[in-house]
Amino acid sequence: MFDHPSFDAHEGVHAFHDAQSGLRAIIAVHSTALGPAAGGCRMWNYASGDAMLTDALRLSQGMSFKNAMADLPLGGGKSVIWGDPRKDKSEALFRAFGRAVESLQGQYYTAEDVGIDTSDMALVRKETRYVAGLDEGAAASGDPSPITAMGVYLGIKEVAKRLYGSDDLSGRIVAVQGVGSVGAHVCEHLAKDGAKLIISDIDQEALKDVSTQTGATVVQPDDIYDVEADIFSPCALGAVINEKTLERLQVKGVAGAANNQLVVPEMGELLRRKGILYAPDYVINGGGIINVAAEISGNYSREWVDGKLARLIETLGEVLDEALSTNQPANAVADRIARKRIADAKGLAPK
Ligand code: NAD
């Protein structure tokens with residue numbers, strides 16, 4: 001563990017096995033310096049135990065940074081369940097996972113992530129109260145996507161302000177990859193502002209809905225990297241900024257909801273050298289976790305969520321300004337600020 005390339009002084013990495021239900025899960029607690037670790041649960045058919053561990057280690061560190069940048073009283077954690085979400089789900093599996101979460105006595109709060117939905121979390125809730133993102137219950141906050149999308153839209157305006165001196169998006173061309181829960185809402189906001197949209201998805205139905213509603217031009221999934229646009233907004237998959245796509249991009253900014261957009265952190269510097277301003281993914285997409293934090297507090301308030309989101313977008317603006325004025329990649333600036341916030345809370349100097 002301690003030599004693992006993705007190990008980043010995690011406070012705890014817990015492996016769980018339940019013979020009866022077949023549960024194999026890892027809960028990684030990266031940091032509780034700012035509060036209980038929070039981050040979703042992912043169910044995925046990993047190629048190996050090591051791939052599963054790598055995901056848990058990286059994603060939990062990412063959650064620490066995301067929660068710190070959103071100035072939430074939460075640390076970072078993540079859980080992964082090894083299995084095929086289409087075949088391997090059962091009540092017994094999620095209840096066993098719930099008992100695993102409960103055994104950490106509130107050090108970690110779980111919620112949905114890839115492969116998991118609110119009905120799965122309702123089963124987890126039968127065994128533990130350390131669950132968020134529920135549809136029902138006193139503080140249930142439901143689907144966080146509209147809040148995430150609002151943050152992404154406001155973040156796109158921050159990027160435009162730095163690129164063009166104005167956040168007026170009318171006539172600006174935005175290429176949106178993925179028009180699912182978040183992407184479709186982002187398109188709605190952009191269209192209202194008079195932006196011209198170019199969209200891609202592998203779901204024809206979703207494309208049709210969004211193009212009818214917003215007048216967006218549809219392109220084939222792989223062609224989205226080649227379009228001439230002001231801003232590229234990845235709202236589908238991770239690792240879309242890589243050596244192959246970088247040379248194709250003809251945009252001035254990248255600002256979207258997808259997690260882990262850079263295949264490796266060094267891509268941030270390559271974007272910068274190409275003159276592309278990058279809104280770090282875990283900052284611009286923090287709206288969803290703000291919504292979850294409101295639920296965890298036990299006293300959900302939309303005003304509180306809106307206030308935190310506004311502050312997060314200001315923080316994004318500060319990151320972009322520092323990146324531009326010091327010629328640094330924006331992701332490196334954000335990482336430094338996040339590490340400092342966590343280290344300050346621990347009373348340590350950041351490493
Ligand atoms: P979603 O599954 O609702 O939407 C994703 C969309 O991308 C789907 O319509 C899917 O068909 C499409 N897609 C898949 N492969 C594609 C491809 N090759 N090209 C184009 N489109 C493709 O997911 P979502 O909730 O909208 O989340 C989108 C992204 O934002 C994800 O990376 C997610 O991790 C991230 N994110 C979401 C939230 C949230 O609140 N939902 C919060 C933070 C980050």
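Remember, it's 1-based here, ligands and their atoms both numbered in the order they're listed. The structure displayed is predicted, hence computed values, not measured ones.
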Are there any protein N or O atoms under 3.5 Å from the N or O atoms of ligand 1? List them with distances, or say none.
| from | atom 1 | to | atom 2 | distance (Å) |
| --- | --- | --- | --- | --- |
| ligand 1 | 3 (O) | S181 | N | 2.9 |
| ligand 1 | 3 (O) | S181 | OG | 2.9 |
| ligand 1 | 9 (O) | D201 | OD1 | 3.3 |
| ligand 1 | 9 (O) | D201 | OD2 | 2.7 |
| ligand 1 | 11 (O) | D201 | OD1 | 2.6 |
| ligand 1 | 26 (O) | S181 | N | 3.2 |
| ligand 1 | 26 (O) | V182 | N | 2.8 |
| ligand 1 | 30 (O) | A257 | O | 3.3 |
| ligand 1 | 32 (O) | A236 | O | 3.1 |
| ligand 1 | 34 (O) | N259 | ND2 | 3.0 |
| ligand 1 | 40 (O) | T148 | OG1 | 2.6 |
| ligand 1 | 41 (N) | S145 | OG | 3.2 |

Would you call K340-D344 a salt bridge at under 4.0 Å N-O? yes
Salt bridge check, D193 against K157: does any charged N sit closer than 4.0 Å to a carboxylate O? yes
Name all pairs fulfilling the ring pair (Phe, Tyr, Trp, His ring centres under 6.0 Å) condition that reach into residues 176-216, sequence neighbours left out, sorted by first residue then second. Y153-H189
Taking salt bridge (Lys or Arg N to Asp or Glu O under 4.0 Å) as the cut-off, I'd like each qualifying pair that reaches into residues 172-185, sequence neighbours left out, listed once. R172-D230
Can you tell whether the side chains of E205 and K208 come within less than 4.0 Å, N to carboxylate O? no
Under the salt bridge (Lys or Arg N to Asp or Glu O under 4.0 Å) test, residues paired with K87 that sit two or more places apart: D84
